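Letters A, B, ... are given to chains in the order of the sequence lines, protein chains preceding strands, and every chain is numbered from 1. Quick caveat, the model's predicted, so the values are computed rather than measured.
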Number of protein chains: 2
Amino acid sequence: MPRRVDHEERRTEITEALLRVAHRRGLHAVGMRDVAAEAGVSLRLVQYYFDSKEKLLLHGLRTLVERFSARTAARLAAVPGSPGPRETVEALLMAALPADEESRVFHHVYTSYAVLAMSDEALAGQPFTGDPDAAEEAVAGLLARGQADGTVPAEVDARLEAVSLLAMSAGLGTGVLVGQRDVPSAVAAIRYRLDRVFTGRAG
Amino acid sequence: MPRRVDHEERRTEITEALLRVAHRRGLHAVGMRDVAAEAGVSLRLVQYYFDSKEKLLLHGLRTLVERFSARTAARLAAVPGSPGPRETVEALLMAALPADEESRVFHHVYTSYAVLAMSDEALAGQPFTGDPDAAEEAVAGLLARGQADGTVPAEVDARLEAVSLLAMSAGLGTGVLVGQRDVPSAVAAIRYRLDRVFTGRAG
DNA sequence: ACGTTCATGGTACGGTCGTATCACAAAACT
DNA sequence: AGTTTTGTGATACGACCGTACCATGAACGT
């Protein structure tokens, strides 16, 4: 019964199936047939909507990145009150933690892509982040604002501090991901560090 | 010409072949035949010395971990002079950076194993580090020594600071690995952070 | 009304993968 | 010397994998 169908919607469904099975069985192990079964369609349809596995994978990566940026933006917008630099930076760093299931899926699959990209022709040099070091820029800016506020000491190097905070957050994230650390301990580390950066002697 | 042969040596050669090809083509893509070709032996021999691919992979992981611990220990022993806490911590954090080729290989393959372990029955719950959070213990201890010295402020929480430093180092490492950051900038971030932790007002 | 396009199913093909099997020569043991 | 063990090669097997091909019915254009 071939009713006319929305291609983009179909592609989205299949992509979501891809991400689910990639999380469940590992990206390296996902085959076209698995994706088809997960999406509840025939193998042929996966071929139909994505011409090849490579294109499917690339689309999956793009989707993943877009979704994560959107989610992070939403998180930032959801900070209550009129957030100062400290609250915003904290929200930013927390967003990089695989705390809920959606975030765990993202981190797992995203990391898989990153590892894959290190030795895969087609994936290498792919847009892994919307704007690379946009986050670095943002955090550095917020720290500078904190210095203007007087909540961040003048001796702090905003750029290096931003790099170090983001790297820490990423490191904690993978620690959580591989089960070496739990979420509360990661949150505690982030809060501790922010407490030390924002000595907060002014308002 | 079946001369009597040293099994352990043969296994080592094959394992090294495995690690080389895992770095070159990606761990997910390595097959028994690739390993055999890289080691210059027949497929049969890889089966002979390791019964199955799973055992080969597990042995590869063990080798990788042992080698890295040994290397890190050597680095620590090689710190010149009579190193204080600061120098030792710095050496520890630097050792986690994929700076030279050997280290890059380690990080790449190790990360691949970690990702694989997240969805592979046999790899999950495998000894991924000799003693988990041995590093954390060590760094925390060194920071405490610094506090006794007076080179580290008393308000520093040694444990949380250790966690944050190690997470940062790990994060910088993967940043370098995926080409998002270069080694000098990672080193700069580490030095900056250590400068701020070790305010060094005593001797 | 009819031919074309669209959406879909089924299935076959060539390749690769891990593993198993068969064969056989050199060495070691007795 | 004869037999058993050990190291090695070649090759076969069954399962998958990504892709290509063929068929077909519903919907649409004219």
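The residue among A/L43 and A/Y49 whose nearest nucleotide of DNA chain C lies closer to the 5′ end is A/Y49. The 5' end of DNA chain D is approached more closely, in terms of each residue's nearest nucleotide, by B/V41 than by the other of B/V41 and A/G31. For A/R33 and A/S42, each mapped to the nucleotide of DNA chain C holding its nearest heavy atom, the one lying further toward the 5' end belongs to A/S42.
Nucleotide D/dT19 holds its C1' atom 13 Å from the NZ atom of A/K55, rounded to whole Å. Rounded to an integer number of Å, the gap from A/H7 NE2 to C/dT5 C1' is 11 Å. In this structure, B/M32 atom CE and C/dA20 atom C1' are separated by 14 Å, rounded to whole Å. Rounded to whole angstrom, the span from the NE2 atom of B/H28 across to the C1' atom of C/dG18 amounts to 17 Å. Put simply, NZ on B/K53 is 17 Å from C1' on C/dA20, counting in whole angstrom units. Note: CZ (B/R4) to P (C/dA28) measures 6 Å, nearest angstrom. Counting to the nearest Å, the P atom of C/dG18 and the CZ atom of B/R44 are 16 Å from each other. Atom-to-atom, CG of B/D34 to P of C/dT16 comes out at 11 Å; the value is rounded to the nearest Å.
Side-chain atoms of B/Y48 lie closest to D/dG7 of the nucleotides C/dT19, D/dT19, D/dG7. Here the nucleotide nearest the side chain of B/L45, chosen from C/dA7, C/dT11, D/dT8, is D/dT8.
Scanning both residues, A/F128 and A/V65, for their nearest heavy atoms gives O-CG2, 3.4 Å. The two residues A/V79 and A/P83 make their nearest non-hydrogen contact at CG1-CB, 3.7 Å.
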A/S164/A/R193 under side chain to side chain donor-acceptor pair (under 3.5 Å): CA gap, chis, key distance, verdict: CA-CA 10 Å; A/S164 115; A/R193 280 282 290 122; 3.2 Å; yes
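Looking at heavy-atom distances under 4.0 Å, A/V30 makes contact with sugar-phosphate atoms alone, never a base.
Geometrically, B/R67 does not engage B/F106 in a cation-pi contact, judged by NZ or CZ lying under 6.0 Å from the ring centre and within 45° of the ring axis.
B/V163 is not listed as a side-chain neighbour of A/Y192, based on a closest heavy-atom distance of 4.5 Å or more.
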